[in-house]
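Okay, so here's the structure we're looking at.
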Amino acid sequence: AGGLPDGCVTADDLASGVGGKILQVVSTTKTDASSQVLSTGALSTDLLTVSITPSNASNKILLMVSINISANNNAGQLLYLYKDSSVLTGAIGDASGSLERASFGINPNQVNPDHQSFHFLDTAGGTSAITYSIRSKFARNDSNYTISINKQGVGDSYSGYHIGRYVS
């Protein structure tokens, strides 16, 4: 009860392999706005990317995504975490009937982007550089759509609304 005084337990007091360290932190910040037109069923190009080179194959990599995304027609979107250009299968939901497996989803409107956060703990699996990215696909497959990152999906001015630019 009450705990131990600060500084009385050092790393030398711990058994080998106990405790962990943050070895490195990498991040990417997207402040510009961009849009992509996606045809029916198509997957976007990378919306956000970050690369890291682990020092050990067993390193844990905590990915924290924060994205602002909108669409020109209020259409829901499925988002996927990619690792070196392939869907990270451990970061998508289980199969269930005809439902599509995805990492996370959003349902933005065309005036203001939807902000969504997503977290995933991965294991490096090697010591070569790893590139993680986020890609999107519309949940409906009945027409072409435009997705926008860090801006609204209806253009740069929209009567009656205060619109802005965002960061992901």
Side-chain angles (χ1 to χ4, degrees), residues 22-155 163-168:
I22 296 176
L23 299 178
Q24 61 178 309
V25 175
V26 296
S27 68
T28 187
T29 302
K30 180 176 177 56
T31 59
D32 64 318
S34 62
S35 296
Q36 294 181 37
V37 176
L38 301 179
S39 58
T40 301
L43 195 63
S44 73
T45 58
D46 293 342
L47 302 176
L48 297 172
T49 62
V50 67
S51 294
I52 189 168
T53 302
S55 60
N56 187 300
S58 63
N59 285 155
K60 297 294 183 186
I61 300 170
L62 178 61
L63 297 147
M64 298 184 294
V65 177
S66 176
I67 191 168
N68 287 292
I69 190 167
S70 64
N72 65 327
N73 60 357
N74 299 334
Q77 296 173 49
L78 304 171
L79 289 111
Y80 306 87
L81 178 59
Y82 273 66
K83 182 178 182 177
D84 291 333
S85 300
S86 296
V87 172
L88 186 53
T89 56
I92 57 176
D94 290 342
S96 178
S98 64
L99 298 178
E100 181 144 358
R101 300 172 69 196
S103 300
F104 60 109
I106 59 175
N107 193 23
N109 67 49
Q110 59 190 359
V111 178
N112 288 305
D114 190 7
H115 174 260
Q116 188 64 259
S117 296
F118 174 75
H119 301 93
F120 184 75
L121 185 63
D122 191 28
T123 300
T127 55
S128 298
I130 301 168
T131 299
Y132 293 97
S133 63
I134 297 293
R135 296 183 187 177
S136 176
K137 181 169 113 175
F138 284 97
R140 294 184 352 213
N141 289 322
D142 55 358
S143 65
N144 294 344
Y145 300 101
T146 301
I147 60 169
S148 297
I149 306 299
N150 294 340
K151 72 177 201 146
Q152 62 288 348
V154 293
I163 53 178
R165 290 289 194 257
Y166 308 94
V167 64
S168 295

| said: Restricting to non-hydrogen atoms, name the atom on Lys30 and the atom on Asn150 that form the minimum distance, rounded to 0.1 Å. | reply: O-ND2, 2.8 Å

| note | All heavy atoms of Pro54 vs all of Gly126, minimum pair found to be CG-O, 3.2 Å

| query | Are Leu38 and Asn144 close enough, and set up right, to give a side chain to side chain contact (heavy atoms under 4.5 Å, CB included), and what steps lead you there? | reply | CA-CA 6 Å; Leu38 301 179; Asn144 294 344; over 6 Å; no

| task | Show your working on side chain to side chain contact (heavy atoms under 4.5 Å, CB included) between Ile52 and Tyr132 and close with a plain yes or no. | result | CA-CA 8 Å; Ile52 189 168; Tyr132 293 97; 4.1 Å; yes

| request: With sequence neighbours left out, write down each residue that passes side chain to side chain donor-acceptor pair (under 3.5 Å) with Ser44, or none if nothing qualifies. | output: none

| query | How are the rings of Tyr145 and Phe138 set relative to one another: parallel (under 30°), tilted (30 to 60°) or perpendicular (over 60°)? | reply | tilted

| remark: Heavy-atom nearest pair, Arg101 first then Gly93, reads NE-O, 2.5 Å

| query | Which value, rounded to the nearest 0.5 Å, describes the distance between Ile67 atom CD1 and Asp114 atom CG? | reply | 10.0 Å

| Say you draw a straight line from CG of Leu79 to OG of Ser136; how long is it, rounded to the nearest 0.5 Å? | 4.5 Å

| What distance separates Ile106 CD1 from Gln116 CD, expressed to the nearest 0.5 Å? | 6.5 Å

| query | About how many Å separate NZ of Lys83 and OG1 of Thr89, when rounded to the nearest 0.5 Å? | reply | 9.5 Å

| Counting only N and O atoms by type, is there a donor-acceptor contact under 3.5 Å from the side chain of Asp122 to the main-chain atoms of Ile61? | no

| field | Modelled atom types, side-chain donor and acceptor of Gln36 and Thr45, under 3.5 Å | value | yes

| message | Show, in sequence, the C-alpha distance, side-chain angles and deciding distance for Ser35 and Lys151, and conclude whether the side chain to side chain contact (heavy atoms under 4.5 Å, CB included) test is met. | response | CA-CA 9 Å; Ser35 296; Lys151 72 177 201 146; 3.2 Å; yes

| message | Per the salt bridge (Lys or Arg N to Asp or Glu O under 4.0 Å) rule, what does the pair list look like for residues 53-67, sequence neighbours excluded? | response | none

| query | Is a donor on one side and an acceptor on the other found under 3.5 Å between the side chain of Ser103 and the backbone of Ala91? | reply | yes

| said: Under a plain distance cut-off of 3.5 Å, with no hydrogens placed, do Glu100 and Tyr80 share a side-chain donor-acceptor pair? | reply: yes

| task | Name all pairs fulfilling the side chain to side chain donor-acceptor pair (under 3.5 Å) condition that reach into residues 46-58, sequence neighbours left out, sorted by first residue then second. | result | Asp46-Ser133, Asp46-Arg135, Ser51-Thr131, Ser55-Asn59, Asn56-Ser58

| request: Kindly give the heavy-atom pair with the smallest separation between His115 and Ser66, and that separation in Å. | output: NE2-OG, 2.6 Å

| field | Interatomic distance, Leu47 atom CG to Asn68 atom CG [nearest 0.5 angstrom] | value | 12.0 Å

| request: Quick one: pull up NE2 in His119 and CG in Leu81 and give me the separation to the nearest 0.5 Å. | output: 12.0 Å

